[in-house]
Amino acid sequence: MLHPVYHFYKGRFTQSDIHVVTEVPFRIMVNGTELATMMCTPVKLRELTLGFLAFERFIDSMDDVASLEVDEEESDAYVQLKKPLEKIERRIFTSGCGGGVTFHLDYHDYPPVRTERTLDPEKIPSLIGELHSAAVLYHQSRGIHTAALSDGENLIAVAEDVGRHNALDKLRGETLERRIDTRDHILISTGRISSEMLRKAARLNAPFVVSRTSPTSLSIHVAKRLGITLIGYVRRDRYNVYSHPENIAFSPEAIAARARNGAVAP
């Protein structure tokens, strides 16, 4: 969306119109009940709805959805499930942009993510480069997060949103609709990696999480517990590996470490 702004530079003001990221409240209605209202960027709202429902365990696949309608003018989604809506015991406010909400946070509910693949250490910086190139809205306005899923060669799904959690939800929704198997893929994000984002990675069965920024202390703990290789502060020639480095380099040491963790070396 274009907005008029005043630029101050070297003692002078000039005026121009620039793109500013759009943010709206988006309400999700499920079986006639308001489930959640979130602040988001109004693109891929259908995918956002499906991804949110999947990550919060209200659905496992598209087979659980009887109907889904999105009113883009009113920013509402109306979902009818093929099963009753589970009783909501509590809401947990997360560290998501704008104050995210989740209904399930216990990472002990998730089994460790097992993988037979290793990631080429020289490939990791290029993943962030590919993510940056695919960020259409970011290049227009900045102020937006991007997330993507990679098979190691190509980005197979990309999503953008003012909220980093919303971007992951949109990503999950798209893979559901396209019936993409997310196992053994690489989750890439521009945002800070917090513990609930690791939970979403585990739900995707993604053994690698890569970000251009930092993880939290709890996310590192969760990554170690769930067998996820967590990589942050990725730049052109450097990055940090916070957990399970044995999945990065293919070496005798990596083979031994993978064997101890129950994974089979290729």
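The residues of the chain are indexed from 1 along the displayed sequence.
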Of R203, R172, R199, K200, the one forming a salt bridge (charged side-chain N to carboxylate O under 4.0 Å, His left out) with E56 is R199
Among E174, E72, E177, find the one that has a side-chain hydrogen bond (donor to acceptor under 3.5 Å, both in side chains) with R46.
E177
Side chain of Y239, backbone of P121: donor and acceptor closer than 3.5 Å?
yes
Rounded distance [0.5 Å steps], CG in L45 versus CZ in R27
13.5 Å
Under a 4.5 Å cut-off applied to non-hydrogen side-chain atoms, are F208 and L127 in contact?
no
Beyond-backbone contact of M38 with I28, side-chain heavy atoms, under 4.5 angstrom:
yes
A quick test of your reading: do over 12 heavy atoms of other residues, nucleotides or ligands sit less than 6.0 Å from CZ of R142?
yes
Aromatic ring proximity, centroids under 6.0 angstrom, F52 and H165:
no
Would L81 and V30 satisfy side chain to side chain contact (heavy atoms under 4.5 Å, CB included), going step by step from the backbone distance to the final call?
CA-CA 7 Å; L81 301 181; V30 179; 3.7 Å; yes
Kindly check if the number of other-residue, nucleotide or ligand heavy atoms within 6.0 Å of CD (E69) is above 12?
no
Look at atom CZ of R236 and say whether more than 12 heavy atoms of other residues, nucleotides or ligands are closer to it than 6.0 Å.
no
Using modelled atom types only, decide if a donor and an acceptor are shared between the side chain of D169 and the backbone of L48 within a distance under 3.5 Å.
no
Within a strict 4.5 Å, meaning less than it, do heavy atoms of the I193 and Y242 side chains meet?
no
side-chain hydrogen bond (donor to acceptor under 3.5 Å, both in side chains) test vs D181 passes for just one of R179, R183, H185, namely R183
Report, as yes or no, whether the 6.0 Å neighbourhood of atom CD on E73 holds more than 12 heavy atoms from other residues, nucleotides or ligands.
no
Side chains of L2 and H19 in contact at under 4.5 Å (non-hydrogen atoms):
yes
For G191, is there any backbone N or O sitting under 3.5 Å from a side-chain donor or acceptor partner on S211?
yes
When L119 is tested against each of N247, V241, I186 for side chain to side chain contact (heavy atoms under 4.5 Å, CB included), which residue passes?
I186
Aromatic ring proximity, centroids under 6.0 angstrom, F13 and F8
yes
Please check this pair: side chain of T229 against backbone of H244, looking for a donor-acceptor N/O pair closer than 3.5 Å.
yes
Do H7 and T14 have side-chain N/O donor and acceptor atoms under 3.5 Å apart?
no
